Colleague: 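To start, I am sharing the structure in question, which I have written as structure tokens.
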Amino acid sequence: MAEMGNGLTKQIDRLDNSRADLHLHTTYSDGALSPETLIQRAHSVGLSVVSITDHDNVGAIDEAIEAGKCLGVEVVSGVELSVALNEKDIHLLAYFFDYKNQKLQDYLAFFRYERLKRAERIVQKLNDINISLKMDAVLDQAGIGSVGRPHIASALLEEGLIETYHEAFMKYIGVGAPAYEKKYQLSPLEATQLVAQAGGLTFLAHPGKYTTDFELSTLIQAGLDGIEVVHPSHNEARQEFYRGVVHQYFLLECGGSDYHGGRKNDDQVLGVYTVPLQIVEDMRTRLFS
Ligand code: AMP
Ligand code: ZN
Ligand code: FE
Ligand code: FE
């Protein structure tokens, strides 16, 4: 528990309906819970503001708002966008945009279609090397969510074609493996512009997972409004570092649990990785005053 420094203890102490979680996933991407169940859980751990940030999908937001109304949980529009910086996959979080914005909806529909075609290419490549996976097995795993490599890995496992989930990436679908296929690539600048034209703010998600200082500065120049400071992958020193960058560049901060409803063995994060409501107010001030 080296990661659970004083900052986190303080956060747990302050679970008094004054906390927000701005990074959550549902069945509309790779989360295990429906929007309604997720909002109920969020409420039960004392969260009063949340944002559902499904990967490249805003389908959960209407249901989440509805569920939130009954329980007094405010739902801020959100999404986690996949972008590419020099071939590297980067995740951006966006908030407070109009989730019915036509340009945004069109892009997300296009991206999901591209993901589907890519999954078909991966399945074809697998078949070419005598791994007899069917596309239907992948679609069963994806359900209503955007199709990704995790669904292909789960399908391979389910069909008994591999022994462990990770084997899928190591042997077949990881970068450089025989059935790997790239995703459609949106640049960080295109993403920040897409969000801005829909009236929202864009943040770099969990930079501690993979972002070098050089990449961070390139992304800031691409028009980021802020950085995700609180995240399960950031220890207290990382949080302080990113908070420093936020202040230095007059950015905003965001944070949350990245809870996938237990799918990633992450049941302990909900209600623990949270931010004060002031963070949400700061976003509103930047946008609306
Ligand atoms: P996609 O967006 O379809 O390329 O899938 C990316 C997701 O696959 C990541 O967010 C991870 O959840 C998962 N993933 C990628 N590489 C690995 C790996 N080596 N082992 C396990 N999961 C991985
Ligand atoms: Zn995810
Ligand atoms: Fe992410
Ligand atoms: Fe996430």
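Note that the coordinates shown come from a computational prediction; the quantities given were computed from them, not determined experimentally.
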Colleague: Parallel, tilted or perpendicular: which fits the ring planes of His25 and His55, with parallel below 30° and perpendicular above 60°?
Modeller: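 If you compare the ring of His25 with that of His55, the planes turn out parallel.
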Colleague: Would you say that Val229 contacts His234 through its side chain, given a criterion of any heavy-atom pair below 4.5 Å between the two side chains?
Modeller: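 Counting from C-beta outward, Val229 and His234 never come under 4.5 Å.
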Colleague: Are the side chain of Glu190 and the backbone of Leu186 linked by a donor-acceptor contact shorter than 3.5 Å?
Modeller: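 Not confirmed, Glu190 side chain does not pair with Leu186 backbone.
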Colleague: How many angstroms lie between OG in Ser154 and CD in Gln141, if you round to the nearest 0.5 Å?
Modeller: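 Answer rounded to 0.5 Å: 4.5 Å.
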Colleague: Salt bridge between Glu87 and Lys182, side-chain N to carboxylate O under 4.0 Å?
Modeller: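 Yes.
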Colleague: Surrounding OH of Tyr210 (heavy atoms of other residues, nucleotides or ligands, distance under 6.0 Å), is the total greater than 12?
Modeller: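 It does: Tyr210 OH has more than 12 such atoms within range.
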Colleague: Is there a donor-acceptor contact under 3.5 Å from the side chain of Asn127 to the main chain of Leu133?
Modeller: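 Side chain of Asn127 to backbone of Leu133, a donor-acceptor pair under 3.5 Å: yes, one is there.
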Colleague: In a check of salt bridge (charged side-chain N to carboxylate O under 4.0 Å, His left out) between Glu181 and each of Arg118, Arg149, Lys117, Lys125, which one passes?
Modeller: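 Testing each of Arg118, Arg149, Lys117, Lys125 against Glu181, the sole residue satisfying salt bridge (charged side-chain N to carboxylate O under 4.0 Å, His left out) is Lys125.
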Colleague: Identify whether the distance between the nearest side-chain nitrogen and carboxylate oxygen of Asp140 and Lys134 falls below 4.0 Å.
Modeller: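 The answer is no: the pair does not qualify as a salt bridge.
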Colleague: Where does the angle between the aromatic ring planes of Tyr184 and Tyr107 fall among parallel (under 30°), tilted (30 to 60°) and perpendicular (over 60°)?
Modeller: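 Because their plane-to-plane angle lies in the 30° to 60° range, the rings of Tyr184 and Tyr107 count as tilted.
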Colleague: Can you tell me how far the CD atom of Glu215 sits from the CG atom of Leu204, to the nearest 0.5 Å?
Modeller: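 That separation rounds to 9.5 Å.
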Colleague: Of the options Val83, Thr192, Leu194, Leu93, which is the one that meets Thr202 in a side chain to side chain contact (heavy atoms under 4.5 Å, CB included)?
Modeller: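 Filter result, single survivor: Thr192.
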Colleague: Arg41 vs Asp267, test: salt bridge (Lys or Arg N to Asp or Glu O under 4.0 Å). Steps then yes/no.
Modeller: CA-CA 11 Å; Arg41 286 221 190 152; Asp267 263 324; 3.6 Å; yes
Colleague: Run His91 and Glu228 through side-chain contact (heavy atoms from CB on, under 4.5 Å) and show every step you take.
Modeller: CA-CA 11 Å; His91 289 173; Glu228 186 174 46; over 6 Å; no
Colleague: Checking the side chain of Ser77 only, and the main-chain atoms of Phe96 only, is there a donor and an acceptor separated by less than 3.5 Å?
Modeller: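 Checked: pair present.
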